[in-house]
Amino acid sequence: MQHRPHHHGILMLKLTLVALFWGGTFVAGRTVSQHLPAMTAAFLRYLVAAVFLVAAAFKMEGGLQRLTRSQLLTTAAMGATGIALYNICFFAALAHIPAGRTALIVSLNPIMTALLASVVFSEKLGSRRWTGIALALFGAGIVITRGDLLGTLHDVSQSLGPGELLMAMAVLGWATYTLILRKAGQTMSPVAAITWATLWGLLFMGAGAAHELPTIAWAEQPWVVWACLVYLGAIGTVVAFLWFYQGVQILGPSRTAVFTNLVPVFGIALSALILRETILVSMGVGGAITALGVYLTNKPTNKPSTGAGKVR
């Protein structure tokens, strides 16, 4: 099927906006994390997302797909890892470290996914991908240590605090979710898989947030917190996913995944512009090296793609 240049341009714009929206989640998340506990923030984000995702499932597919026992377990695992674990750690980390720094750590998601795929599925990475992984980890090391790699060897605590460790857990959660999504994609549409995973994650986070909700002074929360939660749930999750999925359908997973390299760029830029965060030289240098490593790791081979795509 041929797509006219006008439609192709609109799709490119949408995918660029997806990266912008995801970059904005770090700013919104940082704002929310200063006012609400991590579990509650994660629950409210996905409460908003669930409403829109269920509506999208009914509009696009006529309702929610009925699941087999295996599919229930698969989507529950997705909900536990990519929805609950990732988002709880995401908000908890943002309570400790700046949004721009968090965005750069999250850019390691494809690297962790490739490493896990190598271990779990025995995928052969090859010399180019191993080089990319090494570069990405080196770049991340520059970012995390603020350029003082040698100093960190003497005192790890000066670079690795609670925020960095929480984001490492978030990255691990997302990489695990991505691999589980491959299995779900064999028998379910991405919309159905993501919606069911969101409902499972909402259940898990709701159980965890139950003791927090009655203790929060809701009337005292500023309007910007509510605006950020709506943005995180509706724009940063649902709209971004649907547009990204559209890109995967038309361009394929590899070409669409290239746009995710813009996420840390937008995350840092928005953090500096909106939150007035300082952009360190180590962030620029380390971020560039990490981006190169991610590119080499994700660069498509000459073999045809058989996957359903990486859906963030």
Side-chain angles (χ1 to χ4, degrees), residues 22 70 73-87 89-90 93 102-145 149 160 164-188 190 193-194 197 244-245 247-248 251-264 286-312:
W22 279 334
S70 174
L73 293 174
T74 300
T75 52
M78 289 170 60
T81 54
I83 307 300
L85 178 61
Y86 175 85
N87 281 277
C89 292
F90 171 81
T102 308
L104 284 170
I105 297 174
V106 167
S107 68
L108 287 175
N109 275 331
I111 302 301
M112 181 62 76
T113 303
L115 287 171
L116 275 184
S118 175
V119 173
V120 176
F121 297 122
S122 299
E123 288 189 2
K124 293 183 178 180
L125 296 177
S127 58
R128 189 198 72 231
R129 297 184 76 187
W130 277 116
T131 300
I133 288 170
L135 274 174
L137 292 175
F138 177 64
I142 293 175
V143 172
I144 292 170
T145 63
L149 287 166
L160 288 176
E164 287 79 13
L165 295 175
L166 284 163
M167 277 319 301
M169 285 296 298
V171 169
L172 178 61
W174 187 265
T176 305
Y177 164 88
T178 302
L179 296 185
I180 299 171
L181 180 59
R182 290 188 189 182
K183 176 177 172 59
Q186 295 172 1
T187 59
M188 302 177 67
I194 300 299
F244 189 83
Y245 173 45
V248 170
L251 299 179
S254 297
R255 290 179 66 190
T256 304
V258 170
F259 285 85
T260 62
N261 292 325
L262 294 173
V263 174
I289 295 173
T290 298
L292 175 60
V294 170
Y295 169 75
L296 289 175
T297 305
N298 278 352
K299 187 179 179 182
T301 62
N302 293 327
K303 297 178 182 179
S305 174
T306 57
K310 295 179 182 177
V311 182
R312 184 183 181 83

Exercise: identify the closest heavy-atom pair between Ser118 and Trp130: OG-CZ2, 4.5 Å
Check: Thr81 and Ile180 side chains under 4.5 Å, non-hydrogen atoms: yes
Verdict with supporting geometry, Met169 and Leu166, side chain to side chain contact (heavy atoms under 4.5 Å, CB included): CA-CA 5 Å; Met169 285 296 298; Leu166 284 163; 5.6 Å; no
Interatomic distance, Thr256 atom OG1 to Tyr245 atom OH [nearest 0.5 angstrom]: 12.0 Å
Side-chain donor/acceptor of Thr176 to backbone N/O of Leu172, under 3.5 Å: yes
Heavy-atom pair of closest approach, residues Ala197 and Met78: CB-CB, 3.6 Å
Nearest atoms (heavy-atom pairs only) where Met167 meets Ile105: CB-CG2, 3.8 Å
Closest contact, heavy atoms only, Ala136 versus Leu108: O-CD2, 3.8 Å
Under 3.5 Å donor-acceptor, Thr74 side chain and Ala184 backbone: no
Arg129 CZ to Ile111 CD1 distance, which is reported to the nearest 0.5 Å: 8.5 Å
Nearest heavy-atom neighbours spanning Ala175 and Asn109: CB-O, 4.5 Å
Atom pair CZ (Phe244) and CD1 (Ile194), whose distance is rounded to the nearest 0.5 Å: 10.5 Å
Distance (rounded to the nearest 0.5 Å) between Thr178 OG1 and Tyr86 OH: 10.5 Å
Heavy-atom side-chain proximity of Leu135 to Tyr295 below 4.5 angstrom: no
Closest non-hydrogen atom pair between Ala193 and Leu181, with its separation: CB-CD1, 4.1 Å
Tyr177 and Trp174 aromatic ring geometry - parallel, tilted or perpendicular at 30°/60° bounds: tilted
Sub-4.5 Å side-chain heavy-atom contact between Leu115 and Ile133: yes
